[in-house]
Amino acid sequence: MDLWVREARLFKYGSGTGSNFSFIRGENEPLSGGGKSSGLMSFLKIGDRAAGAIKSGGTTRRAAKMVVVAVDHPDIEAYIDWKVKEEEKVAALVTGSKVTQQHLKIIMKACVNCDGSGDDCYNPAKNPALKRAIKDARKSHVPDSYIKRVLQFAAQGFEEIEFDTYDTDWDGEAYRTVSGQNSNNSVRVTDEFLRAVENGSSWDLKWRMREGVAKTIDARDLWEKIGNAAWACADPGIQFHTTINDWHTCPASGDIRASNPCSEYMFLDDTACNLASLNLLTFLDKSNSKFDIESFEHGVRLWTMVLEISVLMAQFPSKEIAKRSYEYRTLGLGFANIGVMLMSSVFYYDSDEGLAICGAISAIMTGVSYATSAEMAGELGPFPGYKKNAKAMLRVMKNHQLAARGSAQGYQKLAVNPVPLDHANCADKKLVEHAVAAWDRAVELGNKHGYRNAQATVIAPTGTIGLVMDCDTTGIEPDFALVKFKKLAGGGYFKIINRAVPAALHTLGYSENQIEGIIKYAVGNGTLSDAPAINHETLKAKGFTSRELQVVEDGLASAFDIKFVFNKWTLGEEFCTKTLGISAEQLDDFEFCVLSHLGFSKADI
């Protein structure tokens with residue numbers, strides 16, 4: 001239980017954790033003192049509830065937590081299906097609550113609108129409408145206890161029934177009711193398992209605290225289960241244990257068994273690192289769309305030193321984490337906004353050229369950072385855990401050097417060779433030259449001085465700090481749309497073009513007038529005046545006056561969707577019911593569309 005205490009301290013100050021739970025006994029595994037274990041899932045559910053009770057950094061942001069379980073754990077199947085089943089519970093809550101509410105209201109309405117005498121209105125044998133409503137409710141599996149409750153309320157003079165419904169909002173009551181929503185889940189797979197999948201072999205699930213096989217299953221069936229679960233609910237992810245440890249700089253100190261919540265930081269148990277990211281767009285020369293390599297390298301050197309200093313300044317939640325973080329001094333330097341940088345440079349994100357540029361920038365950043373770490377080691381000495389890991393770390397550095405040189409062969413002690421830097425498809429050959437030079441220097445200085453830091457770089461999602469840095473794209477991700485909506489502090493939205501679009505169009509040679517026209521077409525005119533299908537004239541024909549038209553026009557600029565300005569809050573409930581002929585029940589239905597009601601088609605809208 002000490003883990004929950006340490007996690008709470010980390011969550012409190014806005015940090016995150018990752019833990020490998022593979023050593024917990026499987027369900028029904030014998031205990032040394034007699035009896036049987038409750039299994040992995042019982043402990044994971046405790047941790048899930050604990051994490052859900054704590055807001056990260058005291059804000060509304062959820063605690064960040066990674067759960068890792070080995071692919072040969074006896075409870076791996078239940079673990080993989082955990083979130084799938086919880087998602088199904090949410091679907092049942094959402095659908096069931098809405099269906100139940102609908103039928104209960106119909107039953108109440110049948111009682112209220114009855115003209116019978118005495119208690120006849122509440123007796124299905126004497127009220128045909130009530131009889132039909134109850135029959136329909138039972139067909140939809142509405143519990144009899146709730147049907148009787150409505151009848152009792154109606155008999156007491158009530159004309160409405162309250163029954164809460166749920167939605168699929170991830171922060172809503174439905175998701176708070178189910179378990180498994182406070183962590184990212186990953187399965188730790190080995191090359192041995194992946195070969196079993198390839199060969200169609202069986203796979204043994206093994207007891208944790210005793211010798212022997214708990215269960216033998218088909219490897220492909222388990223792989224299919226992982227894929228289906230990830231498709232259904234985006235979890236679990238995969239962590240490739242063999243490959244991760246092949247690139248481990250400190251294997252003499254133990255295996256890498258887990259990661260931080262977003263999996264960019266993978267290192268020894270009870271270690272931590274501070275993250276920092278460079279906004280790549282700021283290194284792009286707008287006049288010629290060239291990447292300023294020298295400035296980028298300077299930024300990498302500077303921030304490697306800043307993060308090294310931060311190791312001395314950091315505070316840790318436990319003695320173990322503090323001790324090992326000082327001993328290995330891992331850093332977390334990365335970059336963000338590469339999606340916009342590529343777009344501004346007129347390179348497709350998912351192209352050979354885009355991949356090569358990303359690879360070259362990554363190689364420069366990591367090579368320069370390790371070279372800087374080696375320089376600091378020359379002045380301050382290598383990290384305390386370096387001596388026993390020197391041979392392995394230098395081997396990893398040389399493998400990186402080979403990859404930067406574009407080599408396909410010659411790697412040492414790797415089960416799977418990496419995809420090397422693509423020199424041929426990198427449009428800026430200067431990037432390749434600097435990538436090779438950075439790794440040559442990193443290896444040369446490492447051989448001479450060792451390294452001050454066991455790890456130097458990561459590529460983090462940069463969700464929060466990306467906003468602070470005014471990035472359009474986070475981490476290594478592409479941009480998701482050409483047009484975006486900015487949420488305003490006072491309410492509403494503001495529609496804007498992706499900032500990379502004008503820059504990319506300028507690079508492609510479009511004139512200022514052409515760029516302005518393209519932007520206007522993409523963003524829209526922000527008015528219904530002279531618009532096709534839905535415009536001032538067609539709306540006037542439906543009963544709109546100049547007052548309602550002006551209200552609509554005023555709301556368009558901050559509306560997320562055109563349908564958002566056609567509702568009772570914008571137009572007024574009296575206008576909607578009396579002029580447009582919409583019932584109060586329709587207005588209260590969030591799925592109701594005023595424009596569709598007025599006869600406009602989906603294409604018109």
Side-chain angles (χ1 to χ4, degrees), residues 234 262 264 277-292 295-296 299 334-362 365 425-428 431 459-528 531 555-565 605:
C262 298
E264 73 270 17
S277 291
L278 297 167
N279 183 349
L280 293 182
L281 190 62
T282 62
F283 297 98
L284 193 68
D285 189 333
K286 294 181 181 178
S287 64
N288 58 15
S289 296
K290 292 289 186 181
F291 190 74
D292 187 348
S295 294
F296 179 65
F335 60 67
N337 224 12
I338 194 165
V340 164
M341 193 215 80
L342 289 173
M343 188 183 292
S344 299
S345 306
V346 201
F347 288 106
Y348 293 109
Y349 179 86
D350 186 19
S351 66
D352 291 337
E353 295 81 5
L355 290 169
I357 290 171
C358 179
I361 291 173
S362 301
M365 178 182 71
N425 281 305
C426 189
D428 188 346
L431 282 171
I459 301 293
T462 65
T464 304
I465 62 175
L467 293 174
V468 177
M469 292 192 296
D470 202 24
C471 294
D472 283 300
T473 58
T474 56
I476 202 169
E477 297 171 12
D479 214 337
F480 63 87
L482 295 179
V483 176
K484 298 177 181 177
F485 294 85
K486 271 199 170 183
K487 191 173 182 180
L488 304 176
Y493 295 84
F494 180 60
K495 196 175 183 182
I496 57 173
I497 193 78
N498 181 328
R499 288 182 300 174
V501 173
L505 293 173
H506 184 270
T507 304
L508 288 169
Y510 286 88
S511 67
E512 293 301 324
N513 287 337
Q514 288 174 317
I515 292 173
E516 186 178 345
I518 292 170
I519 292 172
K520 193 172 183 181
Y521 176 81
V523 175
N525 292 290
T527 179
L528 291 178
L556 284 172
S558 61
F560 188 76
D561 186 288
I562 187 175
K563 290 180 285 188
F564 285 19
V565 296
I605 297 169

**Report entry** Criterion side-chain contact (heavy atoms from CB on, under 4.5 Å) on Thr473 and Ile338, from CA distance to verdict
**Finding:** CA-CA 7 Å; Thr473 58; Ile338 194 165; 5.6 Å; no
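The closest side-chain donor-acceptor pair between Asp285 and Ser287 falls under 3.5 angstrom. For the residue pair Thr462 and Ser277, no side-chain donor N or O sits within less than 3.5 Å of a side-chain acceptor on the partner.
Shown are Thr507, Leu280, Leu284; of these, the side-chain contact (heavy atoms from CB on, under 4.5 Å) with Ser344 is made only by Leu284.
For the residue pair Val340 and Ala500, the shortest heavy atom distance occurs at CG1-CB, 3.6 Å. Summarising the geometry of Ser295 relative to Asp292, their closest heavy-atom pair is OG-OD2, 2.7 Å, with the distance given to 0.1 Å. Ala522 and Ile497 get closest at one heavy-atom pair: CB-CD1, 3.8 Å. Here the closest heavy-atom approach between residue Pro502 and residue Ile519 is recorded as CG-CD1, 3.7 Å. Contact detail for Leu431 and Ala360: the closest heavy-atom pair is CB-CB, 3.9 Å. Minimum heavy-atom separation, Met341 to Ser345: O-OG, 2.8 Å.
Contact annotation: the side chain of Tyr349 never approaches that of Cys358 to less than 4.5 Å [non-hydrogen atoms, C-beta and beyond]. Residues Asn498 and Met343 meet the side-chain proximity criterion, which asks for heavy atoms closer than 4.5 Å. Between Glu264 and Pro461 there is a side-chain heavy-atom pair separated by less than 4.5 Å. Here the side chains of His506 and Lys286 are not in contact, with every heavy-atom distance at 4.5 Å or above.
Separating the CD1 atom in Ile357 from the CG atom in Asp428 is a distance of 7.5 Å, to the nearest 0.5 Å. Leu281 contributes atom CG, which lies 13.5 Å from atom CZ of Phe335 (distance to the nearest 0.5 angstrom). For the atom pair CG of Leu342 and CG of Leu355, the computed distance is 9.0 Å after rounding to the nearest 0.5 Å. The distance from the CD1 atom of Ile361 to the CZ atom of Phe291 is 4.0 Å, given to the nearest 0.5 Å.
Within a 6.0 Å sphere centred on CG of Leu482, heavy atoms belonging to other residues, nucleotides or ligands number 12 at most.
A salt bridge does not link Asp479 to Arg499: none of the charged nitrogens lies less than 4.0 Å from a carboxylate oxygen.
In terms of the side chain to side chain donor-acceptor pair (under 3.5 Å) criterion, residue partners of Asn279 (sequence neighbours excluded) are, by chain and number, Asn337. In terms of the ring-ring contact (aromatic ring centres under 6.0 Å, His included) criterion, residue partners of Phe283 (sequence neighbours excluded) are, by chain and number, Phe296. The side chain to side chain contact (heavy atoms under 4.5 Å, CB included) test applied to Lys520 returns Asn525, not counting sequence neighbours.
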